[in-house]
Structures are given as structure tokens and as C-alpha cells.
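Below is one structure, written out as C-alpha cells, with a few remarks after it.
Computed over heavy atoms, backbone and side chain alike; hydrogens, waters and symmetry mates excluded. This one's a predicted model, so the numbers in the text were calculated from it and none came from an experiment.
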Amino acid sequence: MRLRRTAAVAALSIALPLTACGSSEYSGPADGPAAGPSLSDATLEKLTVVGTVADLQVTEPAEDSLPEGAYRADKDECLPIVQLAFTDTPRPATARAVREFTGPGELNSTVGGMWVTAHQGDDARLALDDVRKALTECSGSFKVPGAPMTYRDLEPAQAPDLGDESVGFRFTTSLSSVSSPATYAVVRTGRILTTMVVITDTLPQPLLEAQLARLPG
């Protein structure tokens with residue numbers, strides 16, 4: 001199995017051969033119909049921003065970086081953070097739209113990514129609970145067995161005061177002699193999660209606000 005790591009996290013596109021096993025294994029997004037009304041991928045795509053926002057160029061990536069198949073964390077308590085590091089979510093999504101954004105002028109390179117996901121029932125709220133719990137229990141460095149990166153220096157970050165609730169965190173990704181920071185925000189709007197990551201310490205809040213403004217109440 002091969003998983004593709006989003007460039008926004010490590011500033012690189014890395015193909016990861018992973019071996020999935022163990023108690024903290026996550027089997028990827030759930031298949032099958034959602035219970036009750038839910039947004040489709042097509043509808044969520046229409047609700048997700050594209051174009052120029054606050055000097056950032058937002059585009060749909062050539063391919064979704066969501067891993068296929070199962071993967072795990074070497075520490076069970078770190079799995080929700082690993083899921084977000086792989087552009088996934090701690091709870092299964094019923095629909096998904098993905099964007100990446102680049103800076104202007106000489107900074108015209110990928111500086112971040114964003115994925116908007118719809119969830120069943122209470123899964124969106126529970127996903128944020130999973131992240132908060134991981135931030136209190138996941139310590140030291142952690143890895144995905146079979147993947148080349150090491151994640152370290154995980155800590156909470158200021159969450160934007162947006163949506164129904166939100167959570168923020170940051171960590172450093174190390175690959176060989178290269179290290180890259182990653183700062184995350186996850187914002188819940190009803191049953192929809194908007195997750196943003198940048199390879200700096202500061203999230204582009206105008207872009208996040210523009211995306212949230214497009215979502216149903």
C-alpha cells in the first residue's frame with residue numbers, strides 16, 4: 001500500500017509505504033450511505049472556496065492526498081493527530097472537498113491546505129473531542145510505522161474564534177535532516193468540519209473566514 005503525504009505539512013510530496021497493523025489501526029473513511037440527510041461530495045465542492053482570497057490562490061489539487069487503506073500511530077493516544085497530519089479526520093466523513101493554497105509573487109508555492117468534511121450524527125463534535133484528548137495525552141515524538149517522518153513538539157495553538165467550536169495545535173515534522181513546522185485549526189460548523197494547515201506559525205484567518213461564510217448555518 002502507498003499513501004501520499006500532503007505537501008502542505010512537510011513542504012514535500014512524499015509517497016509513504018505503510019504497514020498497517022496493531023490496536024491503533026484506522027481503516028480509512030467509512031463506505032456506505034450516511035444515516036439521514038447529508039451533503040454529497042458534489043455539493044460540498046460547490047460550498048468550498050476556490051480562486052483568490054486575501055492574496056492567496058486557492059485551487060483544487062490534482063489528486064486528493066487522503067490515504068487509501070489502513071494506517072496507525074505508534075502511540076494509540078496520538079492517532080487523532082496522525083489522522084489530521086494525513087489530511088484525514090478522527091471520525092469518518094460522508095463527503096469531502098480539498099483545497100491547497102499558494103502565496104503571491106515570489107511566494108508562489110504551496111503554503112497550506114484545507115479540507116472540508118461532512119459527518120453523520122454527532123461525529124463532527126466527537127472529532128474535536130478526540131483532538132482535544134490527544135493534545136492532553138500524546139507526548140514526545142510519534143510516528144506512523146513504515147513512514148519516514150517523525151512528528152515532535154506537539155502543542156496546543158490558539159484556536160480561531162469561529163464556527164460553533166474550534167481547536168488549534170502545531171507540531172514539527174522531521175524527515176532526514178529537514179524539519180518543517182505545521183500549524184492546524186479545526187473548526188466545526190454544525191456537522192461540517194473545516195480543517196486548515198499551514199507550514200508557518202500563522203493561519204490565514206481571512207481565508208478561513210471566507211470558507212466558513214460559504215457553509216450552511
Between the main-chain N or O of [Y] and the side-chain N or O of [X], is there a donor-acceptor pair closer than 3.5 Å?
X: Gln211; Y: Leu47; result: yes
X: Asp74; Y: Pro145; result: no
X: Thr189; Y: Gly163; result: no
X: Thr94; Y: Gln120; result: no
X: Arg99; Y: Val49; result: yes
X: Arg91; Y: Arg125; result: no

If you round to the nearest 0.5 Å, how far is [atom2] of [Y] from [atom1] of [X]?
X: Leu135; Y: Glu77; atom1: CG; atom2: CD; answer: 12.0 Å
X: Met149; Y: Leu175; atom1: CE; atom2: CG; answer: 7.0 Å
X: Thr172; Y: Ile199; atom1: OG1; atom2: CD1; answer: 12.5 Å
X: Leu203; Y: Gln158; atom1: CG; atom2: CD; answer: 10.0 Å
X: Lys75; Y: Ser141; atom1: NZ; atom2: OG; answer: 5.5 Å
X: Ile81; Y: Leu154; atom1: CD1; atom2: CG; answer: 5.0 Å

Heavy-atom side-chain proximity of [X] to [Y] below 4.5 angstrom:
X: Met196; Y: Pro204; answer: yes
X: Phe171; Y: Asp153; answer: no
X: Phe101; Y: Val198; answer: yes
X: Leu128; Y: Leu193; answer: yes
X: Val58; Y: Thr52; answer: no
X: Leu56; Y: Pro206; answer: no
X: His119; Y: Thr89; answer: yes
X: Thr59; Y: Glu100; answer: yes

| query | Between Thr87 and Arg96, is a side-chain contact (heavy atoms from CB on, under 4.5 Å) present by the stated rule, with each step listed? | reply | CA-CA 11 Å; Thr87 73; Arg96 171 180 170 90; 3.2 Å; yes
| message | Can you tell me how the ring of Phe169 sits relative to the ring of Tyr184, calling it parallel under 30°, perpendicular over 60° and tilted otherwise? | response |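 Parallel: the ring planes of Phe169 and Tyr184 meet at under 30°.
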| message | Parallel, tilted or perpendicular: which one describes the rings of Phe142 and Tyr151, with boundaries at 30° and 60°? | response |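 Taking Tyr151 first and then Phe142, their aromatic rings lie parallel (interplane angle under 30°).
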| said: Run the salt bridge (charged side-chain N to carboxylate O under 4.0 Å, His left out) test on Arg132 and Asp129 for me, step by step, so that the C-alpha distance in whole Å, both residues' side-chain angles and the decisive distance to 0.1 Å come before the verdict. | reply: CA-CA 5 Å; Arg132 293 188 183 102; Asp129 288 346; 3.4 Å; yes
| query | What is the minimum heavy-atom distance between Gln205 and Pro160, and which atoms define it? | reply |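 What the structure gives for the nearest pair is OE1-CB, 3.9 Å.
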| message | Could you report the tightest heavy-atom contact between Ala73 and Cys78, atom names first, then the distance? | response |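 For Ala73 versus Cys78, the nearest heavy atoms are CB-C, 4.2 Å.
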| Does the side chain of Ser179 come under 3.5 Å of the side chain of Arg152 through a donor N or O and an acceptor N or O? |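 Yes, side-chain donor-acceptor contact under 3.5 Å.
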| task | Please lay out, stage by stage, how Val197 and Trp115 fare under the test side-chain contact (heavy atoms from CB on, under 4.5 Å). | result | CA-CA 9 Å; Val197 56; Trp115 52 106; 3.6 Å; yes
| query | Around atom CD of Glu209, are there more than 12 heavy atoms of other residues, nucleotides or ligands at under 6.0 Å? | reply |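 Atom CD in Glu209 is packed in, count exceeds 12.
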| field | Evaluation steps, side-chain contact (heavy atoms from CB on, under 4.5 Å), between Val98 and Thr48 | value | CA-CA 8 Å; Val98 183; Thr48 304; over 6 Å; no
| What residue among Leu39, Leu44, Leu212, Val187 forms side chain to side chain contact (heavy atoms under 4.5 Å, CB included) with Val116? |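 Filter result, single survivor: Leu44.
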| said: Test side-chain contact (heavy atoms from CB on, under 4.5 Å) on Thr200 and Val111; report intermediate values, then the result. | reply: CA-CA 8 Å; Thr200 64; Val111 295; 5.7 Å; no
